**Student:** 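Got a structure for you, questions after.
Just so you know, these numbers come straight off a predicted model, no measurement behind them. Chain A is the first sequence line, chain B the second, and so forth, proteins listed ahead of strands; every chain is numbered from 1.
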Amino acid sequence: MEKKISKNKNWIENFDPLEILSCGQAFHWDMEEDGSFTTVHKDQWANVKKEGKNISWIFSEKDQKEEWFSYFDLQTDYKGIIERIDTIPLMKEATEYGKGIRILKQDPFETIMTFIISANNHIPRITKAVKDLSRIYGKEIGEYNGRALYSFPNPEEFSKASQEELRNIIKVGYRDKVLIETGKRILSGEFDLAKAGSLSTEDLRKELLDLPGVGPKVADCILLFAYQRMEVFPVDVWIHRVMEEYIFGEKGSKKEIHRKSVELFGKEAGYAQQYLFYYGRAKGIGKKEKKPH
DNA sequence: GTCCAGGCCAGAC
DNA sequence: GTCTGGCCTGGA
């Protein structure tokens with residue numbers, strides 16, 4: 001089952017599972033003791049390990065190279081992207097620091113629900129909620145390193161969850177209601193996941209904003225991580241501070257920062273956002289000082 | 001005890 | 001359209 005990539009290694013410099021999975025776009029993965037990463041996508045899982053210039057894969061089933069290479073976006077030339085967006089000082093440091101980042105092609109339903117949960121929330125709790133949702137309502141899809149792996153529930157499976165269970169067991173807090181409602185709209189086809197992919201970015205954004213629990217930031221994350229709309233620029237508190245302090249040099253509302261960033265980076269804004277976000281967050285750029293107590 | 005976190009939403013201007 | 005406060009939860 002183990003596959004090693006023998007040719008076309010140009011992308012290896014721009015491929016680091018740690019950076020790809022921990023840069024905030026995905027929540028359904030584990031780091032193993034040997035430094036490898038096990039990640040779940042739809043009803044499949046993969047374990048990937050990078051050691052120097054060697055990358056080894058274990059797939060849940062044979063011959064899944066194509067699917068996983070697509071999931072990890074290995075056909076895109078990130079070196080070229082970095083060269084094109086390296087037009088401002090901080091970006092050079094950011095792309096060097098996070099040069100192994102790639103934007104995953106994630107499942108739309110999982111991305112929508114996960115990023116609704118992510119709003120005003122902490123990463124450990126988001127990760128736990130995603131795992132619990134999968135374990136309780138999803139399917140067991142296999143085992144790795146003695147640990148059972150579960151798929152994220154599809155819309156029908158998710159509809160089995162009650163508001164009380166979401167709040168009391170999954171601990172999504174006040175987001176319980178909007179998760180239920182959005183799940184219903186997707187299951188009924190009122191929001192059509194497949195059709196959504198053929199809409200223009202502007203139209204799809206409007207449709208997403210109609211879903212309960214989805215605001216501008218969450219909509220942009222869904223557009224970027226599930227529908228490959230690379231021209232969007234999700235603005236959260238971190239990227240907001242980075243852009244204010246290091247790129248524009250002046251304060252601005254979320255909307256202003258969003259508009260100016262999209263204008264600055266154009267069609268590759270999503271990539272720029274990921275590099276700046278990962279770098280800014282790792283370096284604690286603009287982080288508020290904690291009050292001693 | 002108090003504050004805040006990878007925002008959203010309703011209500012007020 | 002823009003601004004403000006409240007919100008589950010739990011760790012610092």
Side-chain angles (χ1 to χ4, degrees), chain A residues 18-29 94 98 101 103-104 106 110-133 161-183 185 191 205-226 232-246 251-261 269-293:
Chain A
L18 170 66
E19 293 173 13
I20 293 169
L21 295 169
S22 71
C23 69
Q25 60 177 323
F27 300 95
H28 203 166
W29 54 274
I101 289 175
I103 309 240
L104 297 169
Q106 302 190 67
E110 175 171 347
T111 307
I112 290 169
M113 303 313 258
T114 302
F115 278 90
I116 288 176
I117 294 171
S118 81
N120 194 27
N121 212 339
H122 294 273
I123 294 172
R125 282 181 40 220
I126 302 165
T127 304
K128 188 172 187 304
V130 169
K131 277 191 181 163
D132 287 345
L133 275 175
S162 69
Q163 194 172 330
E164 291 70 30
E165 289 170 332
L166 288 180
R167 177 167 291 219
N168 300 325
I169 300 172
I170 311 296
K171 303 285 187 187
V172 298
Y174 58 80
R175 306 165 192 83
D176 56 357
K177 197 176 172 184
V178 291
L179 286 168
I180 295 277
E181 179 58 26
T182 290
R185 290 201 199 175
F191 181 93
R205 194 163 197 273
K206 283 180 191 162
E207 294 274 316
L208 288 167
L209 287 171
D210 265 350
L211 293 173
V214 177
K217 189 268 179 182
V218 170
D220 278 345
C221 285
I222 297 165
L223 287 166
L224 184 56
F225 303 136
V232 305
F233 192 91
V235 177
D236 55 57
V237 291
W238 284 95
I239 204 74
H240 193 159
R241 294 193 286 250
V242 170
M243 299 307 287
E244 277 182 340
E245 294 177 30
Y246 291 84
K251 299 273 184 188
S253 71
K254 202 171 160 176
K255 202 167 179 179
E256 286 168 342
I257 295 294
H258 181 263
R259 183 183 56 73
K260 287 165 74 175
S261 301
Y271 299 108
Q273 195 272 3
Q274 282 297 284
Y275 291 117
L276 288 173
F277 173 80
Y278 185 70
Y279 182 72
R281 194 157 181 282
K283 299 292 179 186
I285 286 177
K287 186 171 183 170
K288 290 179 197 165
E289 284 182 31
K290 296 222 171 186
K291 288 179 189 169
H293 58 266

**Student:** Please measure how far the P atom in B/dG11 lies from the corresponding atom in C/dC8, and state the result in whole Å.
**Tutor:**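 Nearest-Å result for B/dG11 against C/dC8 at atom P: 15 Å.
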**Student:** Taking only the side-chain heavy atoms of A/Lys255 (C-beta and beyond), determine which of C/dT2, B/dG6, C/dC8 contains the nearest atom.
**Tutor:** C/dT2
**Student:** Please confirm whether any donor atom in the side chain of A/His122 sits under 3.5 Å from an acceptor in the base of C/dG11, or the reverse.
**Tutor:**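 Counting by modelled atom types and ignoring angles, no donor-acceptor contact under 3.5 Å is found here.
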**Student:** Run the ring-centre check on A/Phe233 versus A/Phe277 and record whether the distance is less than 6.0 Å.
**Tutor:**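 When the ring centroids of A/Phe233 and A/Phe277 are compared, they turn out to be at least 6.0 Å apart.
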**Student:** Write down the distance separating the P atoms in C/dT2 and B/dG6, rounded off to the nearest Å.
**Tutor:** 26 Å
**Student:** Across the strands shown, which category fits A/Gly173 at heavy-atom distances under 4.0 angstrom: base, sugar-phosphate, nothing?
**Tutor:** base
**Student:** Across all strands shown, which nucleotide pairs with B/dG11 by Watson-Crick or G-U wobble geometry, both distances under 3.5 Å?
**Tutor:** C/dC3
**Student:** Side chain of A/Trp238, heavy atoms from C-beta onward: which of B/dG6, C/dT9, B/dC8 has the nearest atom to it?
**Tutor:** B/dG6
**Student:** Applying the Watson-Crick and G-U wobble criteria at under 3.5 Å, what pairs with B/dA5? Answer none if nothing qualifies.
**Tutor:** C/dT9
**Student:** Kindly say whether, by distance alone, the side chain of A/Arg167 makes a donor-acceptor pair under 3.5 Å with the base of C/dC8?
**Tutor:** no
**Student:** Report which part of the nucleic acid A/Gly24 touches: base, sugar-phosphate, or nothing (heavy-atom distance under 4.0 Å, all strands).
**Tutor:**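 Base, at least one base atom sits under 4.0 Å.
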**Student:** Side chain of A/Tyr174, base of B/dG7: donor and acceptor closer than 3.5 Å?
**Tutor:** yes
